[in-house]
Visitor: 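The structure that follows is given in the form of structure tokens.
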There are 2 protein chains.
Amino acid sequence: MQSIPAEQQFGMEGDKPVAYSNIISGIVKLSKLMADGRQQIVALQFAPDLVGRPFDITNKTSIEAATDLKLCSFPRKALESLIAEAPDLEHRLHQQNLRELDDARDWLLALGRKTANERVASFIYFTALHIDPDALSKGQMIRFQFPLKRSDIADFLGLTLETVSRQITKLRQSKVIALIDNSTCEIIDLPMLRKLAEAEELPKL
Amino acid sequence: MQSIPAEQQFGMEGDKPVAYSNIISGIVKLSKLMADGRQQIVALQFAPDLVGRPFDITNKTSIEAATDLKLCSFPRKALESLIAEAPDLEHRLHQQNLRELDDARDWLLALGRKTANERVASFIYFTALHIDPDALSKGQMIRFQFPLKRSDIADFLGLTLETVSRQITKLRQSKVIALIDNSTCEIIDLPMLRKLAEAEELPKL
DNA sequence: CGTTTTCTTGACTCAGCTCAACGTACGTGG
DNA sequence: CCACGTACGTTGAGCTGAGTCAAGAAAACG
């Protein structure tokens, strides 16, 4: 069990992953960097996810604490030999990776086809869902902290921080959300937020 | 073993997957549709991938033949009980899903941060890699067919078909590629193509 | 062949980017 | 306690890359 302060990278040595970590609390961001400095956050992970790409990786992705973290880490070898023994463990990992794949594909739709406004709405909805799925499904009014600062939200949504700021202002003005302070968000009009976020064909509701 | 003509959907009944299929030959596209018709292709799958999201799915994605296909299909139940018996099968599936996750995250970077020109270059590079990884790594001149028509490439890259067409013209004019006919592409300047495609920080080369 | 679908090109528009100024919160040390 | 610096967020003005709309060219198809 260890603590990691926000903004710090971990679990890698050079560009090889050396450890797997269970998230006890806090939020982890995975990001990709281009040679000229352009950056894209490709995933956020929440407790109780396991961080660390199993098996060999060709893929350069950096792992960083988005908030202060509490982790439970294992060396790479340890987990891999555990997996070899316990098929059930691999099954659970597989399930998590499938969820991550679904998430990634949802964001592909957002980055490829949604407007700035819809992307920000999607981010807020996505965050609220991860923080308290139950409250959301009951349609209660919800208050929560943004897990990322504006520039990180921008890197997640493929926008600039200015555009993110403007769209948040717009959502505030149209009474979809309210800001208690810069990083505390309250959802006022959940149906509208959902409509903006899921401009997708709804499977059901 | 069955054949599926290009453009046809398969493997689903309503929005539930009913079968898994091994791709013998051809290319499969997975796409998401928004209520107003906006569309995003979220993955392409090549032989010998297994098509079909294992276990339960909450995620609405349609599965369609991008080219004529040869498939080997199993009913959903059959594969799931096979998995329960043979942990090795789950391991192989898991590996494939991890590759898909890596791909999806590479495209997140492309859709979030790359220009139209870089996205089209990435698509050409990606396609060539999947069709003949060896020839590419030897740096040979490569000729291949685009697996998708312009409007599908656009849906994959989060662009319009006009923009895709213009960028292909531009790559042709700058002698990075040549077109033998509309759908046959030859890579002339591989280093340049790679530079455009992987504006990423190169792990190694 | 004519018909239909796909691709290319041009002219114009606009959502989101860039650059720049300013506001606000917080910490540090004089 | 206040002055100052630093990091973060907001807002404005103007620009531009990609979208839209429209017209033709070129394949594909029966």
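Values in this document were obtained by computation on a predicted structure and should not be read as measured data. Labels below follow one simple rule: chain letters A, B, ... track the order of the sequence lines, proteins then strands, and each chain is numbered from 1.
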Visitor: To the nearest 10°, give me the bend of the helix from dC1(C)-dG30(D) to dG30(C)-dC1(D), comparing the axes of its five terminal pairs at either end.
Guide: 40°
Visitor: Quick check on ring-ring contact (aromatic ring centres under 6.0 Å, His included): which of Tyr125(A), Phe46(A), Phe146(A) does His130(A) satisfy it with?
Guide: Phe46(A)
Visitor: Any salt bridge linking Arg105(B) with Glu100(A)? Criterion: basic side-chain nitrogen under 4.0 Å from a carboxylate oxygen.
Guide: yes
Visitor: From C-beta outward on Lys149(A), which listed nucleotide comes closest to its side chain: dC8(D), dA18(D), dC17(C)?
Guide: dC8(D)
Visitor: Using whole Å, what does the distance between atom C1' of nucleotide dG19(D) and atom CG of Leu157(B) come to?
Guide: 15 Å
Visitor: Are the charged groups of Glu162(A) and Arg166(A) less than 4.0 angstrom apart, N to O?
Guide: no
Visitor: Measure from CD on Glu118(B) to P on dA18(D) and round the result to the nearest Å.
Guide: 9 Å
Visitor: Between Glu198(B) and Lys114(B), is the closest basic N to carboxylate O distance under 4.0 Å?
Guide: no
Visitor: Is the closest basic N to carboxylate O distance between Lys175(B) and Asp189(B) below 4.0 Å?
Guide: no
Visitor: Report the distance from atom CD1 of Ile153(A) to atom C1' of dC8(D), rounded to the nearest whole Å.
Guide: 12 Å
Visitor: Rounded to whole Å, how long is the line connecting atom CD of Gln145(B) with atom P of dA28(D)?
Guide: 10 Å
Visitor: Considering only NZ, NE, NH1 and NH2 on the basic side and carboxylate oxygens on the acidic side, decide whether Arg38(B) and Asp155(B) come within less than 4.0 Å.
Guide: no
Visitor: Could you state the CG-C1' distance from Asp152(B) to dT5(C), rounded to the nearest angstrom?
Guide: 13 Å
Visitor: Within the distance-only criterion (no hydrogens, no angle test), does the side chain of Asp49(A) pair as donor or acceptor with the backbone N or O of Gln45(A) below 3.5 angstrom?
Guide: no
Visitor: Under 4.0 Å between a side-chain N or O of Thr160(A) and OP1 or OP2 of dC17(C)?
Guide: yes
Visitor: Would you state whether a donor and an acceptor, one from the side chain of Glu162(B) and one from the base of dC21(D), lie under 3.5 Å apart?
Guide: yes
Visitor: Taking the inter-plane angle between the rings of Phe156(B) and Phe123(B) on a 0 to 90° scale, is it parallel (under 30°), tilted (30 to 60°) or perpendicular (over 60°)?
Guide: perpendicular
Visitor: Would a 4.5 Å heavy-atom cut-off, applied to side chains only, mark Gln39(A) and Lys32(A) as touching?
Guide: no
Visitor: Is there a residue in residues 165-185 of chain B whose heavy atoms reach under 4.0 Å of DNA chain D, and which residues are they?
Guide: Arg166(B)
Visitor: Give the nucleotide from the list dG19(D), dT11(D), dA22(D) with an atom nearest to the side chain of Thr163(B).
Guide: dG19(D)
Visitor: Figure out the CG/C1' separation between Asp155(B) and dG19(D), and round it to whole Å.
Guide: 14 Å
Visitor: Round to the nearest Å and state the distance from Asn117(B) atom CG to dT16(D) atom P.
Guide: 18 Å
Visitor: Rounding to a whole Å, what distance do you find between Leu161(B):CG and dG10(C):P?
Guide: 16 Å
